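Within every chain, numbering begins at 1; the chains are lettered A, B, ... in the order of the sequence lines, protein sequences first and strands thereafter. This is a predicted model, so every value here is computed, not measured.
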Amino acid sequence: MSSEEIQPPTIPGNYSARKQNRWKSEDEDSVVSPSSSPPQHRKIAELSKDIDGIHTSITKFHVSPAQLYSTDSGRLFHAGSICICICGEPARGKTNLSISLCRYLRWLGVKSDLFHIGDYRRAKLGDITEDFFSPVPETIEAANLRREITDECIKDMIGFFKDGGQVAIYDAVNALSKERLELASTLNSNDIKVLFIESLVTNPKLLARNILDAAKSPDYANWGAKEAVEDYKKRVELVKPWYEEMNEPLLTYIKFINFGERLIIRNSRNEFLTSKILFFLMNSKIKSGSIYFARCSNNKLKFKADPPLDAKGKDYATKMGKTLLDHIAKTKGEQWYRNTQPQEIGSDLRQPAYGVDGSHENSLIVWTSTRQRTTQAAQMLKDLGIVVRHRSELTQLNPGDAEGLSESELAAKFPDEYEQHQRDPYHHRYPRAESYHDLAVKFEPLLYEIERMSGDILIIADETVIRVFYGYLMASSCDDIPSLEFPQDEIVKITYNAYANKAQRIKIDGVNPN
Amino acid sequence: MPVYQLGHVDNLRICVVMVGLPARGKSLIAQKIVRYLSWLSISTKCFSVGSYRRKESAQPPAQFFDPSNEDGLHIRGQAFEEAITDMLAWFNNSNGTVGILDASNTTRERRERVLKIMRENKIEPMFLESFCENDEMVRSNILDVNATSPDYKGLPSDVAINDMYEKIKYYERSYEPMELSNDSDLTFIKLVNVNSEIIINRIESYMESRIAYYVMNLHIRPRYIWLSRHGESQYNLEGKIGGDADLSERGFKYAQKLPDLVKQYIKDHEKLTVWTSTLKRTKQTAQYLTYPKKSWKALDELDAGSCDGLTYEEIAERFPEDFKARDDNKFEYRYRGGESYRDVIIRLEPIIMELENQENILIITHQAVLRCIYAYFMNVPQEESPWMSIPLHTLIRLEPRAYETLVTRIKADIPAVSTYKEKGTSKLGESSNPSKSMVGEVIATSSSADKK
């Protein structure tokens, strides 16, 4: 491994200089000189598409938004190659779980990718009979097809590891103990560790809801809702008698019960990445709500200034609030927010953290920063009885000494800094400033809170803050995050979806975009 | 019974309630949680019922813990009440966030009582049970407790060991482990046989998940952690900070001597893994070591931004305001375009987590980074840690124990410049204040072992 040899430094300097060197593409020079021109890889044209990047494959040189460090190999934790095998009966939220896990691992900087057996199966559409879905098919054709599809998926995973991938997430039922042992031994012989995550649901209500969700999957694209549910229920019943709950003493596995209510880990080798994944699982819930982002009204204020809203700002706040309420009323019904009144709870019950925020599917919670321009923008909603929380973490990016300077003034005042900033606007900080990366690290706990909530949430914050949250939810790359645009006359809505999050922009009428 | 408006519960206050028989590593885990959360600036305190009990009964024999010993029961009950009272006062008066109740809490009755008191005070209990049936593990914990617990200070070890086994027997009589069947409504973590099985039930807040995550990574087996700064570098000779310079001649000598020091002092050195930063001076220091090596960007020196490559005199001259601002609050001060100590702690957090997870690690890194790692293991307060003196050409051994971390310094006897800068000056030189230097035993090695 190259890290063991002593080599002359390719670039002088320290931590941040080396960080900048990390995502240069392969064909660029290996030496960065401060005078070289900024790279032209900004993809502004693509930004407006609002597409969830979670299914886009990433390159070896990809740097993730919250990546704190990486090793010379571009991998993290020195954990080696790991296949996370998500198993469980149909309708246990496996696809949802695998996608949110992938989103999280990529955000952390682990090179991860998804392998849904369903995608491979759909590619062979036409040959699929109902028999195929049985773990032990009655016909030889179905059995062979199952084997073929599994082999193809495993082959692709092994290829992904050879290309420098670190975590492959394999999403399949894996009903039989025999199948799981075989998978583990195939992968182990390729020097890939396997961690099983078994999703179990013991709560019938959760299961029923999940069946409704699963009936909206790509398998049922052209089906009527009722027929899709009926057909999916059949698939669930087909697997049920065959499914063997995990209990293999030689495998490392996590039982993920009722979507995080309980976790049991067995035969853990005390591996770092395993515990990191557990950490995420402890915080993840099946998401049902949407996240709305609205900007505060005046973006031209000094960082330290904190005046109350002016007339224009109040007008904006009213229109923004009304647009949001109208939108929700249209999609969820007129009376939805009445459910958000605080409840009383006796001391014989467990106290939920952060009040009841987001514990109810039909709730709306508003987060603002502690600046008056955001707290007052939420006043109208607060008066309606909607819970508003002020979070100091949501303060805009601190521009430091770059405050109020135009591009040309920056270039004149801080030529070297300006140069570096052009090269890496995501990680670079001007003197006394914060970088987007600083914000991402600061927001990590808030992301866990969002992952825990099941209702809707509105975040009223500065554009810099919205960019980072959007970047997490839509799996944007750090090249793109600093130039994402959120005009003032739009509310951005991101809806969690099992396969890909959906972003939508809601126009606020009668408001200036800037 | 008080009733809460949930809208008022803005932040959850948590009481971690330890559960388990004696010698299951409870105190070690409790101390570790305090260290970790405090290091991350979260207000945390441990209330050990044992230390309240020791005020009345300093070194009681095992019979004291016999459930039929009324005097013992009375004193232990009182100690429990005192600990709880102090903890509640701390939560209310000092804005506590995480309180830890370090006691055996082996009966369901006791746990229900804690649950009730905490909930009535708007504190959510989180139970943390260490369950162990592995005899070897228990025995090694007994040895550790006997060596460090004030209960056994000054007693011959065989007497202490027998006493401990007897004490455990008394506790076993009434032990009711936490179970999914009975305790499924409670928030709890159960560690079975040193993490070979972990049950995590009803974690409902970020802080709880953070604690659970940390505990899962903990090793409660005895072990050492080895640390060293890189050898003296060219920049050290010139008094410059940062950069990516080569080792000086004396620095190379230290690198040459390091394999002998390792062989001589690290018992399990065959299993050693060496972690370095990505900078030349740490890799060169490790170059004669034949063990597996890993280089981490997170171990790189604090980034001095615009001041990288300058001497302190030059910084004082060119950036006088910065120079003063840094001396005034060295922990929070962030170099222009660079990092603060707080920034370094944030990027080191994954390293600490992995370090807790590993054994036999030698870390060769830089002054500021070592200050942060040392502060974590030694509970050095935030405002003091950036001022610690960590000498060059010294192999440092940390031994985390239940009640404290022991430090041993093995000096290589190769001279080096001092890179220590006292507050208010731009001159380099070791501090005259002994509180700034590391604690622990110093072993001097002779220079005759030098390779030429």
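Counting heavy atoms from C-beta on, the side chains of B:S306 and A:E417 come closer than 4.5 Å. Considering only heavy atoms from C-beta on, A:I265 comes within 4.5 Å of B:I200 through its side chain.
Listed options B:I199, B:D246, B:N193 were ranked by heavy-atom pairs under 4.5 angstrom with chain A; first place goes to B:I199.
Between atom CD1 of residue B:I203 and atom CE of residue A:M282 there is a gap of 6.0 Å, rounded to the nearest 0.5 Å. Taking CE from B:M216 and OG from A:S268, the interatomic distance works out to 8.5 Å, rounded to the nearest 0.5 Å. With rounding to the nearest 0.5 angstrom, the CD atom of B:E204 is 11.0 Å from the CG atom of A:N283. Distance check, rounded to the nearest 0.5 Å: CD1 of B:I198 to CD1 of A:I264 gives 11.5 Å.
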* What's the verdict on side chain to side chain contact (heavy atoms under 4.5 Å, CB included) for A:F279 and B:S209, showing C-alpha distance, side-chain angles and the deciding distance? -> CA-CA 6 Å; A:F279 183 43; B:S209 70; 3.3 Å; yes
* To do: Assess whether side chain to side chain contact (heavy atoms under 4.5 Å, CB included) is satisfied between A:E261 and B:R202, documenting all intermediate values.
  => CA-CA 5 Å; A:E261 183 187 298; B:R202 293 202 65 178; 4.3 Å; yes
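When the heavy atoms of residues 184-192 of chain B are compared with those of chain A, the residues falling under 4.5 Å are B:S184, B:T187, listed by number.
Looking at A:D438, the atoms closer than 4.5 Å to chain B (heavy atoms on both sides) all sit in the side chain, from C-beta outward.
For A:E393, there are no side chain to side chain donor-acceptor pair (under 3.5 Å) partners, not counting sequence neighbours.
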